[in-house]
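Okay, structure first, notes after.
Indexing begins at 1, ligand by ligand and atom by atom, following the structure's order.
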Amino acid sequence: MSKNSYDASSIKVLEGLEAVRKRPGMYIGSTDKRGLHHLVWEIVDNSIDEVINGYGDHIKITLNKDMSVTVSDNGRGVPTGMHETGKSTPEVIYTVLHAGGKFEEGNYKVSGGLHGVGGSVVNALSKRMDVTIYRDGKISNIRFNNGGEVESPLKTIGESKKTGTTVTFLPDYTIFKNCNFSYTTICERMQESAFLLPEITIDVIDELDKREAHFHYEKGITNFVEYINETKNPLHKVIHYNGTKNNIEVDIALQYTDSYNENIVSFVNNVKTGDGGSHEVGFKTGITKAFNDYAKDYNLIKAKDGSFDGSDVREGLTAIVSLKIPENLLQFEGQTKGKLGTPEARPAVEQITYDNLKFFLEENKEIAISIIDKASKSKLAREAARKAREAARNGKSNKKEKVISEKLARATGKEYMKNELFLVEGDSAGGSAKLCRNRQTQAILPLRGKVLNCEKASVSEIEANAELKLIEYAIGAGLGQEFDYKESNYGKVIIMTDADVDGSHIQILLITFFYRFMRPLIEEGMLYIATPPLYSIETSHGKEYLATDEELEEAKKKVRGVPKVQRFKGLGEMNADELFETTMDPANRRLMRVTLTDAALAEKRIHVLMGDKVEPRKEWINENVDFTLEDDFRK
Ligand code: 28F
């Protein structure tokens, strides 16, 4: 067939891929950094599926110098036979939308991928894609360019005894503007996959910065728990158990440490269920019952004191809950795959957890005692905190409340969810913010210097810390287990700090506080970071404000002669009007919503940041601090 004579099916194919290029967000979620990384996940998921189906055990990802990515596996190799359309199978897999999903009948261990759109979407969004297949003693190759046009059809290029598939793709960077691949992002996700598949080895090589990582975990999720807890002090060795019930495979690893927070991460068919669901409910019920029954059996808790609350027995707990559920039982709640619906999962996880944990406690009395002792302390602290709050709410507002109310410049509007609370670094910026704000909807709470590092703090320490007390009082929705976001006095809590490393550190300290003691505030998308401008530039139509170096370069090109540029070192360098206009006015400010997309790794990142290992902290802030913050929200 000559190069440019397309038959009907080719035209249909190109129209299909054209649709992807027109609205990439429909297929990969967005065309920012996250969308760019979805291209990698799509290709890698095909390799992971091959491993899950029992073929191959090694995946290699290379970030090439030319900004392309190569993924290779040692599976069976994509079939190279002709497809009924008269095209080769690889051509169909990589050019027909939603084709090539390798859901072989009867095996339910599919990895999630992003709606399983497969490699054809990646091809559509790539300048070029090169597929090399090792199979049947031969090496075959097919090449595409400009979003999926066949540049060279499938042909044999050599012989080899190896089997497997290698795909190299160069994203179309005009679609993914000023994004590039993050070695850390790819490593974190590949490490997680390696924890979930003990038989796999995954290598990540960065050709640009000459660094590489190798992930292989013989003990799977036990190693995962050890990894998350490596900066903490564990109370015992990781407890690992599994079982099958209602045709659902349950695999769980858990460990208590001396910290105060709980961190449960769950997966279904190797895909994270970030919003929990029936399996997590079953786990929490099972663990609470196991501890309460054990405590009663051995008189470790007095009947009059009542039983442990779920949160008491989960304080200091890290757990990985991983399920394999057959396709026919798989149900999710809501439109994302973040929350498991499958009803049978709840009793399955509850029963397996109760039986195994009860047995473990009976076999390990001293560990049982240490965990129950911790739960008892948590119970006492929780009850004391509730009493203190009730006292405060009963209007016995003591002197402390007076001090608190002076610092807080309240909003006058009564529509709470329309109101915004600005947490401003420093009294001077706080002063300007109070002057220029919209008094009806914007409240200002100036914060002096660094807030408490909540990594190791308990509720009582938080209660004692003036700055955090101020925040809790201003938001007025409680703390910890009692926090109820619907009670919040503000629809948005906006952290406004200088755009320097200190400012970033205060942001992270505050995010840590909210993550540990007001997590629903983040989960409901109510926590934001204000982005003050870094520069202003005099242009023919007045002053323009810019948030990044790139924006400044763009603006300079549009100005004749030598433009007058001002660099803002901090919030204090702007006058009140500038501060309002650039950073607070909903009409043209830019807010970044804080979303902790990955609790386990956010947990880990916070430890790295807040732990006592100084080196990782600096690297983490410089490389990742924007990673935790999602896209710009022009609100
Ligand atoms: C670097 C990316 O894409 N690996 C893949 C296979 C193996 C088979 C396969 C893929 C169409 C619909 C069946 C081989 N032999 N790595 C990859 N490895 N696709 S993609 O089949 C796709 C067919 O279902 C494969 C026997 N069965 C399947």
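The shortest separation from a heavy atom of Tyr94 to ligand 1 is under 4.0 Å, placing the residue in contact. Look at Gly77 and you'll find a heavy atom under 4.0 Å from some atom of ligand 1. The closest approach between a heavy atom of Ser47 and any atom of ligand 1 is below 4.0 Å.
Here's the thing with Asp73: one of its N/O atoms is less than 3.5 angstrom from an N/O atom of ligand 1. Residue Thr89 has no nitrogen or oxygen atom sitting less than 3.5 Å from a nitrogen or oxygen atom of ligand 1, judged on distance alone.
For Lys237, the NZ atom is loosely surrounded, since the number of other residues' heavy atoms within 6.0 Å does not exceed 12.
Distance alone, capped at 3.5 Å, places no donor-acceptor pair between the Lys284 side chain and the Val281 backbone.
Tested against Tyr217, the residues Phe195, Phe224, Tyr227 include a single ring pair (Phe, Tyr, Trp, His ring centres under 6.0 Å) partner, Phe195.
Listed by atom number, the atoms of ligand 1 under 4.0 Å from Ile43 heavy atoms are 1 (C), 2 (C). For ligand 1, the atoms lying closer than 4.0 Å to a non-hydrogen atom of Val78 are 5 (C), 10 (C), 20 (S). Each of the atoms 1 (C), 4 (N), 5 (C), 16 (N), 17 (C), 18 (N) of ligand 1 lies under 4.0 Å from some heavy atom of Thr165.
Between Glu551 and Arg590, at least one side-chain N (NZ, or NE/NH1/NH2) sits under 4.0 Å from a carboxylate O, which counts as a salt bridge.
In this structure, the side chains of Ile287 and Leu254 come closer than 4.5 Å at one or more pairs of heavy atoms.
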